[in-house]
Each structure stands twice: as C-alpha cells, then as structure tokens.
Number of protein chains: 2
Amino acid sequence: MAKPSKREQIVYAAMDLFYQEGFHATGIEKIREKAGVSKKTLYNHFRSKDELMLATLRKREELFMSGFTRKVEQPDTSSRERLAMVFDALDEWFQEKGFYGCMFINASAEFSDLDDPCYKLCAEHKQLVHDYIKDLAEQAGVGDPDELSTQLNLLIEGAIVQAHTCNDKTAAMRAKKMGKVFIEQALP
Amino acid sequence: MAKPSKREQIVYAAMDLFYQEGFHATGIEKIREKAGVSKKTLYNHFRSKDELMLATLRKREELFMSGFTRKVEQPDTSSRERLAMVFDALDEWFQEKGFYGCMFINASAEFSDLDDPCYKLCAEHKQLVHDYIKDLAEQAGVGDPDELSTQLNLLIEGAIVQAHTCNDKTAAMRAKKMGKVFIEQALP
DNA sequence: CCACAAGGAAACCGAACGGTATACTTTTGA
DNA sequence: TCAAAAGTATACCGTTCGGTTTCCTTGTGG
C-alpha cells in the first residue's frame, strides 16, 4: 500500500486519540508524537486544533460509511435482508478491540452547543446514516421508509450506547431482534 | 426552602457546567465562580477535581432517579401502564430547556477506560435504571422481566441519543410507540 | 544541478490549568 | 463570650495547553 501522506498520518493519529481519550483530553503534542511529525508540519496542514477535529470527524464519517455499506451490501441479498444486516454490521463493530462507542455521539457529548461546528457535523452524520437506511427501505418497498429508518436508527443508537456505556456486547443482536419486528410490520 | 450548604452550592454549580460544557472543558475556577465560593472552600470539601466529578455524578444519579420514579409512579396506574409511562417521563425531560443528553452517556464518552471511576459510575447508573424497570415489569407479571427491561432500556438510550445528537424532540414518543410493541408482546 | 518548498528539532510565548499558601474575616457552638 | 472552625480574597506554584518562531536538513521537480 502506498505510504500515507503527512496529512493522513496526522488525521489517523488524531482519530485514534480523539476516539479513545476524547477531544478536550487530547493535546496537540500527543497527536504530533503519535503521528510522528513535527509541530510545524501539523500546523502547516491544519490551522488549529478545531480545524483538525473537524477534518478528523469528516474522515471518520467517510471511513464509517464505506465500511458500513460494505458490510451491509453483501452479494445476493435483498434490500429487505440488508435492512436486518445493518445490525450484523453493528455487531462486528462492537466486537472490535478498540470499540469506544460512536465517535459522533461522543463528540456531541463534548460539544453540545447547537451552533458548534463539531456538533453540526455529528448531526449531519446521523442524517447520512438515516438517509442510507431510508434508501434501503425504499428499495425494499416499504410504505413509509422515513419512519422505518428513524425507528431502526433509534435501535442503532440504543445498541451503541448499551454496548459502550453498559459494556454489553450483545446489544446489536438484541436490536436486530427488535428491529425485525418493525421490518416485518412495514413489509408484511 | 433551607439555604443550601456550601458543599451543595459547589455540586450544583459543577453539575450545570459539567453537563452543559463537559468535564474536561470545565475548569475549577469556573465552578468556583458559579458556586460563589472561594477556592479554599471548594478544596476543603473536595480533595480534587476528580473527587468533585464523582460527587457530582452521584448527586445527578440521585436527582435523576427521584425525578424519574416520581413521574412514572402516577397515582392509580398499574405497573403495566407505568412501563409505558417511562417514555412520557423521557418526553418531559427532552422538552426541558437545558437538555443536553444523558449526563452519564456524556461522561462515559469522556472517560472510556473501563477502570475509570467515572465510567464505572455511569455503568452503575444504567444498571440502576435497568433494575427499576425490571421491577416494574416483574410487578406487572412479565415472564422475563430482565429481557423486557433490557429492551426498553435500549429504546430509552436510543431516544436520548436521537433527542440530543439529532436534536429530535419527538424521539420519546417514537420510543413509546415502539416500546408498546414489546410490552404487549410480554403481556398478552 | 540547484532553487525552493516541505519537514524536523527545539526553544519559546502567553494563557489557562489544577492545586496550594497566606492573611484576614465571619460564623458558630459549648 | 470567645476560641475554633469555616469562609473569603488573592497571590502564587509548577505544569500543560494551543500555537509561533527560529534555524537547519531533506527531498524533489524543472
């Protein structure tokens, strides 16, 4: 694989640290060290810590969505099946060693102001996931795809919190079982 | 009402600030100022910021549970009805001006280490809520009260996240509608 | 080949952090 | 009543923060 650019090194280091230890708790010096670059290089690529946080969240969004859709869109599966497989994708995620909840939920815990750029990005992320599942529902022929997507997303968020805050790694399968009720209700 | 002790003043000020702006982002000086006490008094009552955080979370737990149970346990309601009223209590909470999500979810976003005392306290809180709803389910005659409580709690967490991160204040009523499905399933 | 951008190491900046110490005033209970 | 306890105000401590600057080295493309 091609060696990553300095910018990528920085973003990936920041992502790990922000995710595991939080945004305010992570200092620039720590990121610089983990990225293996000089402070000057870091500030050549990002004007401030705030800008780096935003770039990191955008990268996270990109990585999450590509991984998520790849797991959901297994070959030879119907859209209806894929609606339920959303929870299998979650389950895979929860079992990972470095699972510390949803980075966007975590970020919006630290940046609660509605006008904060980080908070806005978190809301955008949730909207993108909603739109994706809504599309799946639409393709499956659901009558009110928006409602089903909102319901399934509520289950997703609930599962993430139980997996993280309660350290309950079975939450995804519980949510799947619950989700199936609403999928069947919407697609009799 | 009796005037609050210095200790209470400090804890309430800390609660507001930690809740709205986060734990790492809130400095001792800000808490001291809001509480209207001197720094010495603050450190007479709490050995460190960490100790104050823990005391604050414990107070929050106490306030949350007393308010929550009060809202749920309306007179002349059956345990079955109370199971659904959990979501009405949530709804009231979401409509409050100063709603910034669940303080314990927010805290565990900042303290992800399983051994961290704050994280442990968050997990304990979730366990207490689980036990309370489990008791309600048991009194209602549910066959597997533990399972129903876990399901309803998943809906609760999901609603909280949607209400906060997505700024969707209708989440509680959505969760209620979804919860009723499982309540009816458990109590035919 | 070499000019010029990019990177590295480290000193440095002012501000804010958590926490302590000092000196004085107020509250309060036996 | 009066000394101990608790409070205030403020200066202070070392550390860390986000961010800048300086000087030197290392690519790298025309």
Side-chain angles (χ1 to χ4, degrees), chain A residues 2-59 106-107 109-113 116-119 121, chain B residues 1-59 106-107 109-111 113 116-119 121:
Chain A
K3 66 177 177 183
S5 71
K6 297 288 173 186
R7 190 187 168 91
E8 279 178 316
Q9 285 175 243
I10 296 166
V11 168
Y12 279 100
M15 196 154 66
D16 281 357
L17 290 167
F18 286 150
Y19 182 46
Q20 291 175 35
E21 304 183 13
F23 293 84
H24 287 96
T26 300
I28 287 288
E29 169 60 20
K30 223 174 185 175
I31 296 171
R32 183 209 64 75
E33 190 186 356
K34 177 151 189 163
V37 301
S38 73
K39 223 166 175 181
K40 191 174 185 203
T41 300
L42 196 154
Y43 278 102
N44 271 349
H45 287 283
F46 305 96
R47 273 197 273 213
S48 64
K49 184 184 179 182
D50 288 310
E51 199 175 296
L52 174 56
M53 291 190 307
L54 290 172
T56 302
L57 285 171
R58 279 191 222 101
K59 187 69 181 179
N106 296 354
E110 291 197 53
F111 308 98
S112 284
D113 186 347
D116 189 288
C118 281
Y119 173 86
L121 232 154
Chain B
M1 54 190 179
K3 68 177 177 184
S5 69
K6 297 288 173 184
R7 190 187 168 91
E8 279 178 316
Q9 284 176 243
I10 296 165
V11 168
Y12 279 101
M15 197 155 66
D16 281 356
L17 290 167
F18 285 150
Y19 182 47
Q20 290 174 34
E21 304 184 12
F23 293 84
H24 287 97
T26 301
I28 287 289
E29 169 59 21
K30 222 174 186 174
I31 296 170
R32 183 208 65 74
E33 190 186 358
K34 177 151 191 165
V37 301
S38 72
K39 224 166 175 181
K40 190 173 185 205
T41 299
L42 195 153
Y43 278 101
N44 272 349
H45 287 284
F46 305 96
R47 272 198 277 220
S48 64
K49 184 182 179 182
D50 288 313
E51 200 174 295
L52 174 56
M53 292 190 306
L54 290 173
T56 302
L57 285 172
R58 278 190 223 101
K59 188 69 180 176
N106 295 354
E110 290 197 54
F111 308 97
D113 186 346
D116 189 289
C118 282
Y119 173 85
L121 232 154

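Chain letters run A, B, ... following the sequence lines, proteins first and then strands; every chain starts at 1. All values reported here derive from a predicted model rather than from experimental measurement.
- A donor-acceptor contact shorter than 3.5 Å is absent between the side chain of A:Lys39 and the backbone of A:Ile28.
- Taking atom CD of A:Glu29 as the reference point, atom P of D:dT16 lies 11 Å away to the nearest angstrom.
- If you take CD of B:Glu33 and P of D:dT10, they are 13 Å apart, rounded to a whole angstrom.
- Side chain of B:Gln9 to backbone of B:Ala35: a donor-acceptor contact under 3.5 angstrom is found.
- Along DNA chain D, the nucleotide closest to A:Ala25 and the one closest to A:Arg47 are compared, and the more 5′ of them pairs with A:Ala25.
- Legend: ring pair (Phe, Tyr, Trp, His ring centres under 6.0 Å) pairs involving residues 18-43 of chain A, not counting sequence neighbours, sorted by first then second residue: A:Phe18-A:Phe23, A:Tyr19-A:Tyr100, A:Phe23-A:Phe111, A:His24-A:Phe111.
- Atom P of nucleotide C:dA9 and atom CG of A:Leu42 are separated by 14 Å, given to the nearest angstrom.
- More than 12 heavy atoms of other residues, nucleotides or ligands sit less than 6.0 Å from atom CD of A:Glu29.
- B:Leu17 places its CG atom 12 Å from the P atom of C:dC17, with the value rounded to the nearest Å.
- Remark: B:Lys34 pairs with B:Asp16 by the salt bridge (Lys or Arg N to Asp or Glu O under 4.0 Å) rule, at least two apart or across chains.
- Straight-line distance from the CG atom of B:Asp50 to the C1' atom of C:dC17: 13 Å, rounded to whole Å.
- The nearest whole Å value for the distance from the CD1 atom in A:Ile31 to the P atom in D:dT16 is 17 Å.
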List every contact pair, protein side and nucleotides 6-8 of chain D side both N or O, where the distance is under 3.5 Å.
| unit_1 | atom_1 | unit_2 | atom_2 | d |
| --- | --- | --- | --- | --- |
| D:dT8 | OP1 | B:Lys6 | NZ | 3.3 |
| D:dT8 | OP2 | B:Ser38 | N | 2.9 |
| D:dT8 | OP2 | B:Ser38 | OG | 3.3 |
| D:dT8 | OP2 | B:Thr41 | OG1 | 2.8 |

Determine, stepwise, if the pair B:Glu110 / B:Asn106 fulfils side-chain contact (heavy atoms from CB on, under 4.5 Å).
CA-CA 7 Å; B:Glu110 290 197 54; B:Asn106 295 354; 6.0 Å; no
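- Following rounding to the nearest Å, A:Ile28 (CD1) and D:dT16 (C1') show an atom-to-atom distance of 13 Å.
- Atom OH in A:Tyr43 sits roughly 13 Å away from atom C1' in C:dC13 (whole-Å rounding).
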